[in-house]
Each structure stands twice: as structure tokens, then as C-alpha cells.
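What follows is a single structure, written as C-alpha cells, with notes after it.
Ligands are counted one by one from 1 in listed order, and the atoms in each one are counted from 1 as well.
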Amino acid sequence: MRYDGPIYRPPSEADSLLVQATVGCPHNKCSFCMVYKKGPRFKVRPLGEIKADLAEAAGLYGARARSLFLPAGNSLAMPTGQLTEVCREALSLMPHLERITVYASMAAIEAHGPQGLARLRRAGLRRLHVGLESGHGPTLARVKKGTDPEQQARAGAMALEAGLELCLYVLLGLAGPEQSLDHARATAQVINRINRAGQLTVRLRTLVPKVNTLLLHQMRRGRFTLCTPHEIIAETRELLSGLSGPLELHSDHYTNYLNLRGRLPRDRRILLEGLERAGRLPREAFRPDFVGEQ
Ligand code: SF4
């Protein structure tokens, strides 16, 4: 198999086979993200190359592969027909596959439309990993996320209605201390608007400034301030209080101050109690601030 550019996958895809269908990120403007800032530029790989890699992967791992992840920043940005063909080819070569998953943007979800998404679902695409980051309009605009709460609500609901599973990543601390609670409330509202019968998971990450990013530059110029651990805990409490569910919640990432796991609304009280206890710990009980390099 050939790989081009940085290869990232969500922790939940640790056991997935990785075959690249696209390279880079078509947006590549988020102020907090360093992944593709130094290239390569976004492209869809030629179908013949993707199929050759799928055949090689099937020969090596096909008998035991249960999950296939198509890495790069937004493989859902492929045209519907091409991604459908990739999914069909993967399933015909590896009939034991139980799921095919990709990173996706809200704009790409909306571009396929309900019929395109249903076609992709029938072809075997099962789960979309989406960097929601925030549902707070001013924060989305400031970090140049390339979407807004209205599109997030429409596109997220459209994906669930098409039968796709949705895994949304929320970035705690993204609004800084002054707008922290607004970010939490608005994010809960957007997720509640997206949520309907379907499989929804919310995964929490905490903002860590990364090298080669606009956000780190803004911090060094005094134009952005990181939240303290206690501000992040208060933000998380506000978010969890506002989420209606039903959904799975995880905060399984090295950037987080706390690991949380539960189902909402069922586990809300126990999660909030854990956050309240954590809020009474001293600053030294939490990881130090650092600049991320990957
Ligand atoms: S956060 Fe996602 S959409 Fe934004 S630049 Fe990075 S890979 Fe692209």
C-alpha cells in the first residue's frame, strides 16, 4: 500500500485497515490545526491506484480485517460515484468487513445530499468522523472552521437520517476563557439539533496549541488565552448539562484533563459529580500546558 502525506486516524479506528483514497484536506484553513499546513495539497487518488491498494490490503489482511478507514482530512469530499465505487470494491474484495469509515466535513456531507448519502450507506460506508469543534458561530468563524451552526445542524441530521453513524469531536477550550460557557451551550444546542434516531457519539478533546498554527501565533501575540484546567472542567459541565441525548460520550484523548465515558442522559448525574470532584483538585493535579508537535 502507498501512503502520501500525514496519516491520522481516530483512536477508535486503531484496529482498522488503512487504505488511502484522498490526500490532504480540501479546507486546510483551521487556525488550530497543523496536520496538512505544510502540504500535501488535497487530491483524490486515481481510482486505479486505490483499487490496487485495496487488492494488496485484501491479500495481506482481508481474512481478518473487520474495519476499513480511508485516512486523510476529509475523504467524504470525494465525488459520490467514486467513493461508492471504492466502498463496493472494498466489500467485494473483503466480504468480512463490517464497517468502512472516513473523516468528513459538514460541507461534504451536505454536498452529497440525502440521496448521495443513502447511496454511500448502501455501498458500505458506515461511520463519519466529523470535527465539529464547536457549535458557537463566533468561535467557528474565528478559527476559520469553514462552517456555521446552521450547516452543522442540517448536515449532521442529514447523515443520521441516511443511516450513517456519526462521531462528533468537540474541542474544549477553543473559545478561550471569556466565551467558554457560550461555546459549551451553543455546542450542546447544535448537537441536540443534529440528534435523532441513529447512532451518535460525542468525543471530547482539549485544545492544545500546535506548532505552525495561526492559533499559536495569536497566543504569542496575546490575542488568545488558553483556558485553565478548572475553566475546562466548568465548560465540560456546562456542555454535559445541556446535551439531551441519547448519545455516547467519550473523552479518551491525551489532550484531556479527565477521562469521561458514559451514555447521556442516563449517566449525566454521575459524570457531573465526577467533574465537580475534579474541580476541587489543585492545578498541580492536572497535566501542564504544552505546545503540541503532532
Ligand atoms: S481540522 Fe480538519 S478540516 Fe480543519 S484544517 Fe485540519 S484536517 Fe482540515
Quick check: closest heavy atoms across A162 and A118, and the distance to 0.1 Å?
CB-N, 4.0 Å

Contacting atoms of ligand 1, where contact means under 4.0 angstrom from a heavy atom of K29:
5 (S)

Give the cluster check for L204 versus F32: same hydrophobic cluster or not, with ILVMFWY residues linked at side-chain heavy-atom distances below 4.5 Å.
no

Proximity of F286 and H230 rings by center, below 6.0 Å:
yes

Everything protein-side that's N, O or S and under 2.8 Å from atom 6 (Fe) of ligand 1: list it, residue and atom.
C33 SG

Donor-acceptor side-chain pairing of H183 and E238 below 3.5 angstrom:
no

Decide, yes or no, whether a salt bridge links E150 with R193 under the criterion of side-chain N to carboxylate O below 4.0 Å.
yes

One should read off an interatomic distance between E248 CD and R263 CZ, to the nearest 0.5 angstrom, of 4.5 Å

Step by step, work out the side-chain contact (heavy atoms from CB on, under 4.5 Å) result for R122 and L117.
CA-CA 9 Å; R122 286 195 300 275; L117 294 171; over 6 Å; no

What protein heavy atom sits nearest atom 2 (Fe) of ligand 1, and how far away is it?
K145 NZ, 4.1 Å

